[in-house]
Amino acid sequence: MKTRSKSKTEEWNPYTSKWEAAFEKGLDLTVNKTDNILYLGASSGTTVNRVSKLTKGIIFAVENSPQMAINLVRLSKKRQNIAPIFSDARDVVFITKALFNKKINILFQDIPSRDQVEILINASKLVSKECRIFFSLKTQSISQQNPKKTLQEVMEKLKTCFKIILVKNLEPFHKKHYFLILRGS
Amino acid sequence: MDNKQIIQWNIQQSKKNIKKNILKDRIIIFFTRIVEDLGKYKNPNFYGRLKELFLSIYPYFDFKDTKQIYDHFKKLNFKSREGLLLDKEEIDYVKFFINNLDSNCKIKDRNKVEPKIKEMLSLLVKKYLPNSSVLIEPYLLGKIISSVGGIKNLYRKPSSTIQLIGAERAMFRHISKKKPSPKYGLIYYSGKIQNAKDKGKTSRRLANKLILGIRIDYFQMFAQ
Ligand SMILES: C[S@@+](CC[C@H](N)C(=O)[O-])C[C@H]1O[C@@H](n2cnc3c(N)ncnc32)[C@H](O)[C@@H]1O
């Protein structure tokens, strides 16, 4: 079991990666050697690349911007276990096809859009109850009001679908961001 | 399927769907930016522009040394299954441009080449945007498309936004320093506005028509 591997050339950076920021804040993001991961909002794959080194399973990286997805495809050719999925994270029909019934052990979402909660709830159909869910929440994308108030509203919604295990703000690395660890209920 | 096959399937599928998003507006943006650079600088080099175009055609190409981009282009056969596919005429335009560069990617005989490039750009814009290019100068239309990064980012915008594209800095001054809000962006430079008495009203009207034209062009010429 490893949580991360650190090499001199590829330092983790909590200021650019929500995953690493959450790790720095002491959250348990343990990745097991055979875990398959579904990563929504992969961008050009900086964090995906690092996380992919923690498992021998597949990391399915979903991204809907063509330019970012090109970089992801380039990356996946260099690494052994990254499957790039150029798709809207809302399109669970397509993503179901792309997963080929692989059992997902970790679902991670980092999509700062207004409907990020709905996207997560929708995507949770793709995973089983035992799956661990890591959710990076950017409150500013939902509302300009006080972040704590947005968090409260978000948690009300999430409670109807998930068990909330842990919530932590990502200050000082990411302002007005929270990281939530969830499980299906 | 084993893991390797699943990954291969996803790579192929992604490539296929990404290709559908690499549209002919890339070649318009390419020539627009060249004309822009020529307007801004005395003797610009076009490494960056060539690289952008090369990566539109071959999105997954790995450069060892981007300085070699010029040599790559000289050898290029323009047949790509993964990126932008140019027709014969467009390939001729690109070849004309490259043949007039020196090995530092600078234009050899600017007085001869610049008017030709402007003409090619104008023809490309008219070819792919037949409805909107009758409303505004082709070069301005190219600039509007290039400044938002492509037609896909444009056709859904409301006309009030179209009117202000290119006025981002004035908009920022308006918000941060409480300066008056800008009435027009790039379309201000169109002859129609320059000659109008009521520039605000005319630019609003032009933007209204323009976005309709752009939407028609998008669905007729670009959407799959
Ligand atoms: C904050 S970035 C992710 C950064 C990344 N997690 C990292 O640490 O390297 C969010 C990404 O989500 C993508 N995105 C936004 N909406 C999306 C959607 N509906 N489906 C899939 N990806 C989306 C954006 O294009 C962007 O690249």
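All heavy atoms count here, side chains included; hydrogens, waters and symmetry mates do not. Chain letters run A, B, ... following the sequence lines, proteins first, then strands; residues in each count from 1. For clarity, every value in this text was computed on a predicted model and none was experimentally measured.
- Of the two parts of N17(B), the backbone and the side chain both hold a non-hydrogen atom closer than 4.5 Å to a non-hydrogen atom of chain A.
- Between F134(A) and F179(A), the angle of the ring planes lies from 30° to 60°, which puts this pair in the tilted group.
- Atom NZ of K118(B) sits in a sparse spot, with 12 or fewer heavy atoms from other residues, nucleotides or ligands closer than 6.0 Å.
- At a 4.5 Å heavy-atom cutoff, the contact between I82(A) and chain B is made by backbone atoms alone.
- The side-chain tip of K152(B) does not point at the ring of Y218(B) from less than 6.0 angstrom away and within 45° of straight on.
- Looking at Q80(A), only its backbone comes within 4.5 Å of chain B, counting heavy atoms on both sides.
- Using bins of under 30°, 30° to 60° and over 60° for the plane-to-plane angle, the ring pair F54(B)/F73(B) lands in the perpendicular bin.
- Counting only N and O atoms by type, the side chains of N208(B) and S159(B) include a donor and acceptor under 3.5 Å apart.
- Contact tally against chain B (heavy-atom pairs below 4.5 Å) for R74(A), K102(A), K97(A): the top residue is R74(A).
- If you tally non-hydrogen atom pairs under 4.5 Å between each of A69(A), A98(A), P66(A) and chain B, the highest count goes to A98(A).
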